[in-house]
Amino acid sequence: MARVVVDVMLKPEILDPQGQAVQRALPRLGFDGISDVRQGKRFELEVDGPVDDAVLARIRELAESFLANTVIEDFTVRVEDPAEIAEAVK
Amino acid sequence: MTARIGVVTFPGSLDDRDTQRAIRLAGAEPVALWHKDKDLKQVDAVVLCGGFSYGDYLRAGAIARFSPVMDTIIEQARAGLPVLGICNGFQILTEAHLLPGAMLGNDHLHFICRDQKLRVENADTAWTADYEAGQEIHIPLKNMDGRYVADRYTLDQLEAEGRVAFRYLDFNPNGSLNDIAGITNEAGNVVGLMPHPEHAVEPLIGTGRTDGLPFFTSILKKLVTA
């Protein structure tokens, strides 16, 4: 089992009113010095078996055609380090 | 013989019955289509109606775009089948890349429901021929994700080719770029818009006007004289 993470963010030129609403709430919570917030989506894909180049290529295809709409969004695909996962569940 | 116009029902569609009624009032025969069926029952045109589809999870229209019925619609729309997308239907058409650009949440982050004034910019499409170019109409608008966006190159191309079909007048209700309320593809057979013409076809309800009816009479005339 391995985990592949796909992060999807609105392209920088696209207005993100949700991120702006979060940013505007920050001073009220005592957080100063944050000039901008952008909100995105994170997908965690649990893959059966090893994550080889072929699997990653398929996942990139999936991200490009479905998880992200590349007209408005950019995405990144990465394999999550198993040691990192083990640390997180401790 | 009259024209047969299909109306697709997705899980979450709200306006399929209203759309069927509008088609009937215009004098055509509505045909119910189901999202899981690839078969279009030999209809002459298709309307993707408003509401929601598959909960609009991920992005509005993103999952509906991969439904079995859309496989056939995408293929046939590319071959010239007239397709109208209203609200969620417009979102599905952009997700399917039958129309350029994309739809995002309203810039004010609220659901909006109002009578909206529009200008008909293109009266040469399959769905707008019964309007006059420049005509001002009132049609109900109700949505959460109505902000039309496209890159500068696409916007310039749409404007230069007269493919902005409808524009918001007096008030931009959602932050759409260039006040765009609806667009058409290059061939004029695929049209999408956020406001709901099917809710403005009888004097008794809605705006009290029938400004939406020409969508359905336009397509009927095109099909019966074709």
Side-chain angles (χ1 to χ4, degrees), chain A residues 3-29 31 34-48 54-80, chain B residues 53-67 70-71 74 88 90-112 143-158 172-180 183 185 192:
Chain A
R3 179 180 290 170
V4 177
V5 176
V6 180
D7 286 311
V8 176
M9 292 297 296
L10 281 173
K11 290 186 175 186
E13 66 271 24
I14 304 279
L15 177 73
D16 176 16
Q18 289 191 104
Q20 288 180 341
V22 172
Q23 191 270 335
R24 282 197 299 270
L26 296 179
R28 240 189 307 135
L29 305 174
F31 281 90
I34 308 286
S35 59
D36 191 25
V37 175
R38 306 278 293 172
Q39 181 175 323
K41 295 178 189 141
R42 171 188 166 112
F43 300 87
E44 296 181 346
L45 283 64
E46 305 297 336
V47 181
D48 298 332
V55 169
L56 271 179
R58 287 279 292 150
I59 290 176
R60 274 200 195 91
E61 210 179 298
L62 172 76
E64 189 168 7
S65 60
F66 185 49
L67 299 181
N69 178 347
T70 54
V71 173
I72 45 171
E73 293 165 328
D74 294 324
F75 68 88
T76 59
V77 177
R78 65 190 162 85
V79 184
E80 197 161 84
Chain B
S53 49
Y54 300 90
D56 282 346
Y57 299 125
L58 190 58
R59 296 175 305 276
I63 299 176
R65 172 250 179 282
F66 289 100
S67 60
M70 283 306 297
D71 283 347
I74 290 168
N88 195 235
F90 185 18
Q91 293 158 346
I92 294 169
L93 290 176
T94 59
E95 282 288 338
H97 306 301
L98 285 173
L99 292 173
M103 310 302 304
L104 280 166
N106 298 339
D107 59 351
H108 45 75
L109 299 172
H110 296 282
F111 191 90
I112 192 161
N143 64 68
M144 187 73 215
D145 295 324
R147 176 167 48 119
Y148 181 78
V149 297
D151 60 47
R152 183 46 57 189
Y153 173 79
T154 305
L155 284 175
D156 289 347
Q157 195 180 21
L158 287 174
N172 184 330
N174 43 34
S176 288
L177 296 177
N178 293 26
D179 299 330
I180 288 173
I183 55 174
N185 69 346

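This structure is a prediction, so every number in the text was calculated from the model and none was measured.
- A distance of 6.0 Å separates CG of B:L93 from CG of B:L98, quoted to the nearest 0.5 Å.
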Given B:E95 and A:N69, is the side chain to side chain donor-acceptor pair (under 3.5 Å) satisfied, shown in steps? CA-CA 7 Å; B:E95 282 288 338; A:N69 178 347; 3.3 Å; yes
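- Heavy atoms closer than 4.5 Å to chain B are found in the side chain of A:K41, but not in its backbone.
- Using a 4.5 Å heavy-atom cut-off against chain A, the contacting residues of residues 54-62 of chain B are B:L58, B:R59, B:A62.
- Here CD of A:Q23 is found 13.0 Å from CD of A:Q39. Values are rounded to the nearest 0.5 Å.
- Not one N or O on the side chain of A:E64 forms a donor-acceptor pair closer than 3.5 Å with the backbone of A:T70.
- Side-chain atoms of B:N106 never come within 3.5 Å of backbone atoms of B:P173 as a donor-acceptor pair (strictly under, hydrogens ignored).
- The nearest pair of heavy atoms linking B:L109 to A:A21 is CD1-CB, 3.9 Å.
- Neither the backbone nor the side chain of B:L177 has a heavy atom closer than 4.5 Å to any heavy atom of chain A.
- Note: B:H110 NE2 to B:N143 CG = 13.5 Å, rounded to the nearest 0.5 Å.
- Between A:M9 atom CE and A:I72 atom CD1 the span is 12.5 Å, to the nearest 0.5 Å.
- Note that CG of A:D16 is 5.0 Å distant from CZ of A:R38, once rounded to the nearest 0.5 Å.
- Heavy atoms closer than 4.5 Å to chain B are found in both the backbone and the side chain of A:L15.
- The distance from the CG atom of B:N185 to the CG atom of B:L158 is 10.5 Å, given to the nearest 0.5 Å.
- At a 4.5 Å heavy-atom cutoff, the contact between A:F66 and chain B is made by backbone and side-chain atoms alike.
- Contact count versus chain B (heavy atoms, under 4.5 Å) is highest, among A:I14, A:V8, A:L67, for A:L67.
- Looking at A:Q20, there are no atoms closer than 4.5 Å to chain B (heavy atoms on both sides), in backbone or side chain.
- Using a 4.5 Å cut-off between non-hydrogen atoms, the part of residues 144-156 of chain B that approaches chain A consists of B:R147, B:V149.
- Looking at every heavy atom in both residues, B:I183 comes nearest to B:P100 through CD1-O, 3.5 Å.
- Here the side chain of B:N174 pairs a donor or acceptor atom with the backbone of B:S176 at under 3.5 angstrom.
- Residues B:L99 and B:G192 approach most closely at CD1-N, 3.5 Å, considering heavy atoms.
- Heavy-atom distances place the side chain of B:H97, and not its backbone, under 4.5 Å from chain A.
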